[in-house]
Amino acid sequence: MGNTSSMLTQYDIEEVQQHCNHTFSQQEIVSLYQRFCQLDRNGGGFISAEEFMSVPEFAVNPLSQRLLRILDGLNFKEFVAFLSAFSSRATLQQKIEFIFKVYDSDCNGKVTFNDVLDVLRDLTGSFISEQQRQQVLTHVLEEAGYTMDSSLVLSDFVKILGNSGLKMEVEVPVD
């Protein structure tokens, strides 16, 4: 499975399915493997940041640089685990854990006011002012019972997003 020129065995497919908590069918895993092999241009079994940036939809994503921190150097099993957060079969907990990783830029298990502000800056660009971003964020945090000085941990994200009806779904084309 490490060498992208090889084919997936039934054992490989089942192992990947188990690794991603069965969020993808066996057919979807085979399709994802084909896409992984296309992205892995040097055939080394890992996808580099440069290879991810070759995907136009990814390159224009305002959060692409944050996502690259998570993505750079993924093997196939890690690639599928990453994408599993976007599966319709992923649990809300799995989706929230993914979002938390995106916001936790220094990987210390905490998200600060400035971490969230940085993501808002990435998402809004020059469409709103820095003052407006800070006001919106302060209001949202206060509504949820937090302050600008709060450091949010994963359980806080679960509390805030747990009843949000969060949708993060991507369809995997199956040939």
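Numbers here simply count residues along the sequence, with the first being 1. Computation of the quantities below employed the complete heavy-atom set of this structure, encompassing side-chain atoms and omitting hydrogens, waters and symmetry-equivalent molecules.
Across Val153 and Gly109, no two heavy atoms sit closer than the pair CG1-O, 3.7 Å. When all heavy atoms of Ala81 and Cys20 are compared, the closest pair comes out as CA-CB, 4.3 Å. Taking each heavy atom of Phe157 and Ile99 in turn, the nearest pair found is CE2-CG2, 3.9 Å.
With hydrogens and angles ignored, the 3.5 Å screen pairs a side-chain donor or acceptor of Asp40 with a backbone N or O of Gly45. Although no hydrogens or angles enter the test, the distance criterion places a donor-acceptor pair under 3.5 Å between the side chain of Asn61 and the main chain of Leu63.
Separating the CE atom in Met53 from the OG atom in Ser64 is a distance of 4.0 Å, to the nearest 0.5 Å. Interatomic distance, OG of Ser84 versus CZ of Phe86, reported as 9.5 Å (0.5 Å rounding). In this structure, CZ on Phe36 lies 8.5 Å from CD on Glu78, to the nearest 0.5 angstrom. Note that CD1 of Ile70 and SG of Cys107 are 7.5 Å apart. Values are rounded to the nearest 0.5 Å. A distance of 8.0 Å separates SG of Cys37 from CE of Met7, quoted to the nearest 0.5 Å.
Considering only heavy atoms from C-beta on, His19 stays 4.5 Å or farther from Val80 through its side chain. Taking the side chain as every heavy atom from C-beta outward, Val158 and Asp156 never approach each other to under 4.5 Å. Within the 4.5 Å cutoff, the side chain of Leu67 has heavy atoms near those of the Phe98 side chain. Residues Phe24 and Leu83 have side chains in contact (heavy-atom distance under 4.5 Å, counting atoms from C-beta outward). Between Asp115 and Lys110, the closest side-chain pair of non-hydrogen atoms is not below 4.5 Å.
Side-chain heavy atoms closer than 4.5 Å link hydrophobic residues (I, L, V, M, F, W, Y) into clusters, and following such links, even through other members, never connects Met148 to Val140. Clustering ILVMFWY residues whenever any of their side-chain heavy atoms sit less than 4.5 angstrom apart, transitively, puts Val136 in a cluster other than the one holding Val119.
By the side-chain contact (heavy atoms from CB on, under 4.5 Å) test, Leu120 pairs with Arg133, Leu137, sequence neighbours left out. Judged as a side chain to side chain donor-acceptor pair (under 3.5 Å), and not counting sequence neighbours, the contacts of Ser150 are Thr147. Shown here are the side-chain contact (heavy atoms from CB on, under 4.5 Å) partners of Tyr11, two or more places apart in sequence or in another chain: Thr9, Glu15. Listed by chain and residue number, nothing satisfies the salt bridge (Lys or Arg N to Asp or Glu O under 4.0 Å) test with Arg41 (two or more places apart in sequence, or in another chain). Listed by chain and residue number, Glu14, Gln26 satisfy the side chain to side chain donor-acceptor pair (under 3.5 Å) test with Gln10 (two or more places apart in sequence, or in another chain). Remark: Val30 pairs with Ile13, Gln34 by the side-chain contact (heavy atoms from CB on, under 4.5 Å) rule, at least two apart or across chains. The side-chain contact (heavy atoms from CB on, under 4.5 Å) check on Val55 picks up Arg35, Leu39, Glu57, Phe58, with sequence neighbours excluded. By the side chain to side chain donor-acceptor pair (under 3.5 Å) test, Glu51 is found to be paired with Ser48, residues two or more places apart in sequence or in another chain being considered. Applying the side chain to side chain donor-acceptor pair (under 3.5 Å) criterion to Asp118, with sequence neighbours excluded, gives Arg121.
The stretch residues 106-155 participates, sequence neighbours left out, in no ring-ring contact (aromatic ring centres under 6.0 Å, His included) pair at all. Listed by first and then second residue, the salt bridge (Lys or Arg N to Asp or Glu O under 4.0 Å) pairs that reach into residues 97-107 come to none, sequence neighbours excluded. The stretch residues 142-154 participates, sequence neighbours left out, in no salt bridge (Lys or Arg N to Asp or Glu O under 4.0 Å) pair at all.
In summary, of the residues considered (Gln94, Arg89, Lys95, Gln93), a side-chain hydrogen bond (donor to acceptor under 3.5 Å, both in side chains) with Thr91 occurs for Gln94 alone. No option in Phe76, Phe79, Phe82 other than Phe79 meets the side chain to side chain contact (heavy atoms under 4.5 Å, CB included) test with Ile47.
Around CD of Glu50, the count of heavy atoms belonging to other residues, nucleotides or ligands within 6.0 Å does not exceed 12.
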Next item on the list: Determine, step by step, whether Leu152 and Ile160 satisfy the side chain to side chain contact (heavy atoms under 4.5 Å, CB included) criterion, reporting the C-alpha distance in whole Å, the side-chain angles of both residues, the deciding distance to 0.1 Å, and the verdict.
Entry: CA-CA 10 Å; Leu152 306 177; Ile160 293 168; 4.2 Å; yes
Next item on the list: Give the C-alpha distance, both sets of side-chain angles, the deciding distance and a yes or no for side chain to side chain contact (heavy atoms under 4.5 Å, CB included) between Leu117 and Glu130.
Entry: CA-CA 9 Å; Leu117 198 57; Glu130 187 68 13; 3.5 Å; yes
